[in-house]
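Beneath this line is the structure, given in structure tokens, with notes to follow.
When reading the values below, keep in mind they use all heavy atoms of this one structure, side chains included, and skip hydrogens, waters and symmetry mates. Residue numbers start from 1 in every chain, and the chains themselves are labelled A, B, ... in the order their sequence lines are given, proteins ahead of strands. None of the values given here were measured: they were computed from a predicted structure.
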Protein chains: 2
Amino acid sequence: MRVIVAEDQGMLRGALSALLDLEEDIEVVGQAANGEQALDMIQSLKPDLCIMDIEMPKLTGLDVAENIKQNNMACRVVILTTFSRSGYFQRAMKAGVHGYLLKDAPIQELSEALRKVEQGGRAISPELALQFWEAENPLTSKEQDILKLIAQGLSAGEMAKQLFLSSGTIRNYVSEILQKLEAKNRIDAIAIAEKNGWLS
Amino acid sequence: MRVIVAEDQGMLRGALSALLDLEEDIEVVGQAANGEQALDMIQSLKPDLCIMDIEMPKLTGLDVAENIKQNNMACRVVILTTFSRSGYFQRAMKAGVHGYLLKDAPIQELSEALRKVEQGGRAISPELALQFWEAENPLTSKEQDILKLIAQGLSAGEMAKQLFLSSGTIRNYVSEILQKLEAKNRIDAIAIAEKNGWLS
DNA sequence: AATTTCGGATGACAAATGTCATTCTCGGTT
DNA sequence: AACCGAGAATGACATTTGTCATCCGAAATT
């Protein structure tokens with residue numbers, strides 16, 4: 001199978017590409033250091049499969065996966081990421097990726113996952129799916145929006161202007177968020193949400 | 001040369017080990033998934049060189065490097081990390097590491113760095129050293145202590161109790177920090193300090 | 001149809017944050 | 001010896017945060 005590797009970390013990109021190329025049934029036809037390069041290569045080289053990091057410059061791996069789906073491109077995506085975050089996972093599933101692996105896993109799992117996906121299967125750890133199901137986000141979508149703005153350091157007044165609400169309303173949302181996350185202040189809330197994958 | 005690879009990400013640890021083993025003059029004699037394992041292996045296997053990540057469970061790579069130096073062990077350390085953070089770099093230099101590479105670099109740089117270090121040299125990118133020299137931390141050591149407590153979500157009152165100072169003093173320190181970092185609030189200050197490697 | 005629940009929205013008030021002026025001590029400079 | 005600058009320390013005051021009570025509308029339940 002023809003494969004490209006999209007990973008901004010040079011060490012990992014090079015190492016994975018070299019190792020996968022040693023496998024008889026795998027040919028690494030391209031390596032991308034950012035999402036834009038990945039998309040270009042997918043369009044021009046038409047690989048069967050792409051190993052895709054998430055957090056990359058220019059376009060994220062999820063941006064690319066969504067683009068592939070929207071344009072009905074015949075390239076299967078296997079996400080390979082450091083972050084076991086619920087938000088990333090959900091977005092990846094919606095984008096129709098065929099695999100979702102963490103970089104924590106042993107290297108052997110990668111080629112096994114590629115073969116599984118090539119044969120029409122999916123390669124997603126059941127433990128991951130369960131972990132994300134359990135860590136369900138307790139916040140409403142409006143509260144999640146507010147939390148993102150909190151994490152960007154905006155004051156209640158600034159958020160009020162941006163969302164066309166009053167400062168009192170924003171402060172009430174903030175208070176609700178603190179109570180739901182059992183956080184004692186905004187900094188604590190940010191840390192808890194990031195740890196649980198509710199901020200991305 | 002006999003080498004161990006200490007890296008908590010299974011994919012990278014496996015891939016690097018496999019590739020380095022392919023080199024004629026390099027033998028990977030052990031792989032560690034955390035700092036404690038790394039230290040145990042260094043003590044029992046006595047490798048010539050260790051490739052060491054920084055952020056690992058149990059003991060950090062820097063903890064291990066400091067231990068090696070304190071106990072005069074004949075194992076040279078090459079740090080391999082994602083984070084180009086000033087604090088990590090300075091601590092690594094103090095611990096006497098022989099190399100400091102970022103995972104961004106091409107895979108070829110790794111084996112070149114290992115050979116350089118084996119021959120008694122050091123493998124540290126001049127660009128890195130310059131970047132850290134330029135991004136000098138503007139905070140006094142007391143302010144850095146306060147910033148760490150801010151990042152942990154403590155209130156001024158809590159910090160006051162912990163440091164045996166008054167709440168007014170703490171608030172003044174916080175204000176000084178915000179002015180020096182040109183931050184508009186604590187959340188902003190945390191983000192700026194993390195970006196510049198002044199929080200670790 | 002009536003009632004209940006939940007999310008969205010707001011402001012009063014207490015608590016915390018951030019700014020500013022002030023004082024003190026110590027080390028460096030003249 | 002005298003002076004200056006920087007860091008450490010503090011409290012008054014203005015601003016912002018966080019809590020709480022309240023109201024409204026829509027959807028779900030009875």
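Remark: C1' of dG7(D) and CD of Gln144(B) are 14 Å apart, rounded to the nearest angstrom. Between Ile187(A) atom CD1 and dT16(D) atom P the separation is 17 Å, expressed in whole Å. If you take CD1 of Ile190(A) and P of dT17(D), they are 12 Å apart, rounded to a whole angstrom. Remark: C1' of dT15(D) and CG of Asn185(B) are 13 Å apart, rounded to the nearest angstrom. Put simply, CG on Asp188(B) is 13 Å from P on dT17(D), counting in whole angstrom units. For the pair Glu158(A) CD and dT17(D) C1', the computed distance is 14 Å after rounding to whole Å.
Comparing Ser141(B) and Gly168(B) against DNA chain D, the residue whose closest nucleotide sits nearer the 5' end is Ser141(B).
A close approach under 4.0 Å does occur between a side-chain nitrogen or oxygen of Lys142(B) and OP1 or OP2 of dA9(D). Phosphate proximity of dT16(D) to Ser167(A): absent, as no side-chain N or O sits under 4.0 Å from OP1 or OP2.
Rounding to the nearest 0.5 Å gives a distance of 4.5 Å between CG of Asn67(B) and CG of Leu39(B).
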Could you go step by step and tell me if Lys103(A) and Leu80(A) meet the side chain to side chain contact (heavy atoms under 4.5 Å, CB included) rule? CA-CA 6 Å; Lys103(A) 290 176 182 175; Leu80(A) 179 63; 4.0 Å; yes
Would you check, one step at a time, whether the test side chain to side chain donor-acceptor pair (under 3.5 Å) holds for Asn172(B) with Thr169(B)? CA-CA 5 Å; Asn172(B) 194 55; Thr169(B) 300; over 6 Å; no
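Protein chain A contacts DNA chain C from dG8(C) to dA12(C), reading 5' to 3' and using non-hydrogen atoms of the protein with a distance under 4.0 Å.
Looking at residues 169-181 of chain B, you'll see Thr169(B), Arg171(B), Asn172(B), Tyr173(B) sit with a heavy atom under 4.0 Å from some atom of DNA chain D.
Checking side-chain atoms of Gln144(A) against main-chain N and O of Leu139(A) turns up a donor-acceptor pair under 3.5 Å. Between the side chain of Asn196(A) and the backbone N or O of Trp198(A), no donor-acceptor pair lies under 3.5 Å.
Note on Lys58(B) versus Asp63(B): no salt bridge recorded, every NZ/NE/NH1/NH2 to OD/OE distance being 4.0 Å or above. Glu176(A) and Lys142(A) are not joined by a salt bridge, as no carboxylate oxygen comes within less than 4.0 angstrom of a charged side-chain nitrogen. Using a 4.0 Å cut-off between a side-chain N of Lys or Arg and a carboxylate O of Asp or Glu, Asp53(A) and Arg13(A) do not qualify as a salt bridge.
Closest to the side chain of Ala156(A), from the set dT17(D), dA8(D), dG18(D), is dT17(D).
Evaluated for a side-chain contact (heavy atoms from CB on, under 4.5 Å) with Leu62(B), the options Val64(B), Thr60(B), Leu59(B) yield exactly one hit, Thr60(B).
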